[in-house]
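To start, the structure under review is shown below, and the notes come after it.
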Amino acid sequence: KIVSSSLIRNLIERGAIVEANSLLERHYSLEARVVKGRGEGRKLGFPTVNLIPPDRLLPKFGVYAGYLNMKKERYLCAVNIGFGPTLKGKKKPLIEVHIINSDKAPEAGLRLFFLERIRAEKKFRSPQILQSVIRKDVKYIASKYSTLP
């Protein structure tokens with residue numbers, strides 16, 4: 001199979017991260033700047049690091065399993081890319097990263113690596129339903145990626 005940059009871009013834009021990673025022979029990643037959020041994730045029990053999407057290729061909006069490196073250590077993450085429609089939404093897309101099993105929070109820029117797309121971003125009827133779905137997402141990611149690559 002011929003692997004071209006346009007094929008890789010197309011896969012990432014569609015959210016086909018597993019396939020893109022396989023063809024890249026590495027995990028797709030991006031660098032982003034940390035910004036202060038509104039504290040909504042913390043209120044739901046899932047504090048997030050909020051990132052401004054870079055002006056480059058961004059995976060399709062949705063929830064992803066991923067990881068980031070901080071101070072020479074790797075941390076498993078649940079990642080949402082989009083507008084956060086359940087909680088009043090945002091005017092611009094944002095990357096929200098919940099670091100699983102850690103309360104460490106980077107304060108500058110970081111590199112985020114993507115493992116797989118879990119589901120599409122969706123507006124839920126209530127914050128309580130969103131909280132329940134996030135809990136399931138985090139449990140799935142933690143069990144599937146108990147050992148980071």
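One-based numbering along the sequence shown. Only heavy atoms go into these numbers, but all of them, side chains included; no hydrogens, no water, no symmetry mates.
Taking CG of Leu115 as the start and CD1 of Ile17 as the end, the distance is 9.5 Å to the nearest 0.5 Å. Summarising the geometry, atom CG belonging to Asn21 is positioned 10.5 Å from atom OH belonging to Tyr28; distances are rounded to the nearest 0.5 Å. Taking CD1 of Ile134 as the start and NZ of Lys136 as the end, the distance is 12.0 Å to the nearest 0.5 Å. The CZ atom of Phe46 sits 13.0 Å away from the CD atom of Glu96 when rounded to the nearest 0.5 Å. Note that CG of Leu94 is 5.0 Å distant from CG of Asn50, once rounded to the nearest 0.5 Å. Of the inter-residue distances, the one linking Ser146 atom OG with Ile141 atom CD1 reads 13.0 Å to the nearest 0.5 angstrom.
Val18 and Leu57 fall into different hydrophobic clusters, where Ile, Leu, Val, Met, Phe, Trp and Tyr side chains are chained together by heavy-atom contacts under 4.5 Å.
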Could you check Tyr67 against Phe114 for ring pair (Phe, Tyr, Trp, His ring centres under 6.0 Å), going step by step and ending with a plain yes or no?
CA-CA 7 Å; Tyr67 64 92; Phe114 292 87; 9.5 Å; no
Evaluation steps, side chain to side chain contact (heavy atoms under 4.5 Å, CB included), between Arg119 and Val133:
CA-CA 11 Å; Arg119 62 177 174 82; Val133 172; 3.5 Å; yes
Before giving the answer on side chain to side chain contact (heavy atoms under 4.5 Å, CB included), spell out for Val79 and Ile118 the whole-Å C-alpha distance, their side-chain angles and the decisive distance to 0.1 Å.
CA-CA 9 Å; Val79 180; Ile118 306 300; over 6 Å; no
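Across all their heavy atoms, Gly66 and Leu76 have their closest contact at O-CD1, 3.4 Å. In terms of heavy-atom proximity, Val138 sits nearest to His98 at CG2-CD2, 3.9 Å. Heavy atoms only, all atoms of each residue included: Ala142 and Ile100 are closest at CB-CG2, 4.2 Å. The shortest heavy-atom contact between Tyr145 and Ala65 is CE1-CB, 3.7 Å.
Other residues, nucleotides and ligands contribute over 12 non-hydrogen atoms within 6.0 Å of the CZ atom of Arg56. The 12-atom threshold is not exceeded at CZ of Arg42, counting heavy atoms of other residues, nucleotides or ligands nearer than 6.0 Å.
For Glu121, there are no salt bridge (Lys or Arg N to Asp or Glu O under 4.0 Å) partners at least two apart in sequence or on another chain.
When Thr48, Leu112, Ile81 are each tested for a side chain to side chain contact (heavy atoms under 4.5 Å, CB included) with Val97, only one passes: Leu112.
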